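Down below is the structure, laid out as structure tokens.
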Amino acid sequence: MKRKKIIDHAPFIILIVIISLFSVRGYLFGMTSTLPTKGSDDSIITWILNQTIQKIPYDLGNIFNGNIFYPYKNTLAYSVMMIPSAIVAYLPTVLSGSYLTAFNFTVVFSQLTCGIILYLIFYEISNNKYSSAIALIALILSKIRMSAGVHIHVFVMQYFLLGVYLFIKFKKTKKITFLYLTFLMMGIQVWESEIQVIFLLISCIIIVALDLNIIKKYLKHFVLGSFFSIIIALPPALSYIKVVMDFGRPRGIREVAHFSASIDQLWTSYWSTGLYMLFIMAIFITLTSQLRKNKYLKAFVFITMIGAVFSLGPVLKWNFTTIHIGKFFVPLPYGIIYYLFPPLWAIRSVSRYIWLMAFGMAGVISVVLASLNRKFLKIFFLPLITIAVLGGVFNSSNYQYPDTDNYEKVYQFIRNSDASSIAEYPFFGVDNNHGEEMKRMVYSLYHKKALFNGASGFIPPERSAGISKIKKAFPNEEFIKILQKDKTDYFVVHKQLMSNEDFLKLKSKYEDIVVYEDKASLVLDIRNYLI
């Protein structure tokens with residue numbers, strides 16, 4: 001970029017940086033000590049990021065093996081991997097000495113980079129600095145985006161967005177380098193999370209559909225680029241495939257339907273005031289102009305529509321209830337695509353396609369506002385940017401999370417013990433205080449032992465059945481037999497999470513193998529217990 005262009009864009013970039021950082025100041029100022037919730041998906045994502053960080057640089061051969069559900073392998077493939085984000089957060093996390101830094105730095109870094117990349121995308125399609133800034137700020141502050149501050153695997157969009165930007169650059173300049181860089185980003189995105197790969201594919205397919213001749217002209221490079229992308233994506237893809245081969249299709253169509261959006265959510269729980277108001281304004285302007293001929297406007301309208309329709313999943317729902325006409329439900333296009341395109345089996349929460357809708361809406365805003373008289377847009381830039389900001393969502397503070405000095409004392413004992421794996425009781429699952437299980441995963445980053453327990457988007461059926469058997473058998477010896485079969489060394493009991501009567505029964509029955517006890521916890525060494 002020439003010096004003059006840099007100077008022209010500098011005020012807008014500075015504005016984006018300021019608003020981006022201010023919008024996530026709760027993560028920024030609580031970098032080493034807070035998380036958004038007291039125990040939810042932010043805990044499991046903190047664990048995911050640190051699983052990779054702790055393997056850099058000497059244990060990369062086990063990069064897909066998390067320490068949950070021991071001794072199962074490829075457990076990081078049970079959910080998203082977020083390996084690129086872990087690499088980016090590696091140095092800040094190590095230097096800060098806090099596991100929480102990985103999560104918070106990832107949010108701040110994503111908000112900042114997404115803002116800048118969105119500006120570049122919208123400038124490419126609109127050639128207008130003012131409309132680009134308005135559109136991107138409306139998007140990054142939207143409730144649709146900011147509500148993903150806990151589920152940051154759908155907050156981290158920079159790799160997908162960079163891929164879109166590179167593809168638009170290729171289409172405009174016809175430089176092959178940009179095409180191969182697009183395929184590079186597609187491969188990298190597989191290492192991060194899967195749904196954004198679909199976002200990138202959808203966006204590129206729609207954009208290239210504006211000029212199908214480009215495929216004929218550069219077919220060889222599209223084919224070579226595809227192979228290039230597959231090679232990059234192959235290691236994590238094989239890990240996902242191995243899980244499918246071991247356990248079958250991880251997401252049934254009923255589960256997908258359960259985690260799809262209700263149509264009323266589009267204007268209720270997903271209502272993003274700034275983004276929606278500006279989009280409605282853009283639609284009104286479009287209907288009264290010749291803008292409908294603009295190819296990029298068409299592309300982003302289609303992206304909006306596909307995002308909205310796909311977020312509704314395979315069946316139409318209202319207020320989280322499937323709509324029926326007589327005895328029949330109302331089918332939607334995603335149900336057919338789900339069966340025709342097997343990679344979609346890995347995506348459970350299809351409601352997250354709503355982000356693609358928001359991206360499309362922002363693109364429409366950028367193109368439409370750019371069509372206005374430049375002097376007019378300059379005059380009304382401040383009111384429009386005010387709508388984007390005041391109609392947005394900001395994060396000001398998060399919850400204090402215990403640091404390692406305040407972890408339960410039992411974890412210090414486990415850390416210094418010769419045990420290689422532990423089971424923690426009571427057991428919890430996805431539908432039963434799963435936050436407690438997720439926090440245990442964070443604590444395992446400290447003691448570094450393998451866990452019989454765990455929480456994820458997928459649990460091996462045999463492990464789920466084993467946990468059920470233990471609950472039924474406890475405190476009879478059958479539960480020890482099950483744990484021994486899975487090579488568990490220590491059985492850690494959290495007293496405050498069970499009745500005093502059950503605890504006393506357990507202690508009296510297995511007093512001979514108690515190796516640790518304090519006011520909150522008790523540990524049984526079950527390695528050599530004979531049944």
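The basis for the numbers below is simple: all heavy atoms, side chains too, and nothing from hydrogens, waters or symmetry mates. What you are looking at is a predicted structure, and each value in this text was computed from that prediction instead of being measured.
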When the side chains of residues 386-400 are checked against the rest of the protein, which donor-acceptor pairs come out under 3.5 Å, sequence neighbours left out?
residue, atom, partner, partner atom, Å
Thr386, OG1, Leu382, O, 2.6
Asn395, OD1, Gly26, N, 3.1
Asn395, ND2, Asn398, OD1, 3.0

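Contact between Ser131 and Leu369 at its shortest, heavy atoms only, is CB-CB, 3.6 Å.
Taking the six-membered ring where tryptophan is involved, the planes of Phe109 and Phe105 are essentially parallel, since the angle between them stays under 30° and well short of 60°. Below 30°, between 30° and 60°, or above 60°: for Tyr119 and Phe12 the angle between ring planes is below 30°, a parallel geometry. A perpendicular orientation is assigned to the rings of Tyr334 and Tyr353, their planes being inclined by more than 60° (bins at 30° and 60°).
Contacts of Tyr446 classified as side-chain contact (heavy atoms from CB on, under 4.5 Å), with partners at least two apart in sequence or in another chain: Tyr99, Thr404, Tyr407, Tyr411, Gln412, Arg415. Contacts of Lys174 classified as salt bridge (charged side-chain N to carboxylate O under 4.0 Å, His left out), with partners at least two apart in sequence or in another chain: none.
Listed for the Asn50 side chain is a donor-acceptor partner under 3.5 Å among the backbone atoms of Thr46. The backbone N or O of Ile232 sits less than 3.5 Å from a side-chain atom of Trp191, completing a donor-acceptor pair. At least one donor-acceptor pair under 3.5 Å links the side chain of Ser142 to the backbone N or O of Arg145. The closest donor-acceptor contact from the side chain of Asn74 to the backbone of Ala77 lies at 3.5 Å or more, if one exists at all. Distance alone, capped at 3.5 Å, places no donor-acceptor pair between the Ser229 side chain and the Ser226 backbone.
In the displayed structure, Lys172 atom NZ is contacted under 6.0 Å by more than 12 heavy atoms of other residues, nucleotides or ligands. With a 6.0 Å radius and a threshold of 12 heavy atoms from other residues, nucleotides or ligands, Phe259 has its CZ atom above the threshold. The number of heavy atoms from other shown groups lying within 6.0 Å of NZ (Lys378) does not exceed 12. Within 6.0 Å of CZ on Phe302 lie no more than 12 heavy atoms contributed by other residues, nucleotides or ligands.
Judged by distance alone, the side chains of Trp271 and Thr273 do bring a donor and an acceptor atom under 3.5 Å apart. Counting only N and O atoms by type, the side chains of Ser96 and Thr101 include a donor and acceptor under 3.5 Å apart. For Gln158 and Ser110, the side-chain atoms include at least one donor-acceptor pair closer than 3.5 Å.
Under the 4.5 Å side-chain criterion, counting only non-hydrogen atoms from C-beta, Ser366 is not in contact with Asn128.
For the pair Arg25 and Phe29, the cation-pi criterion (under 6.0 Å, within 45° of the ring axis) is not fulfilled.
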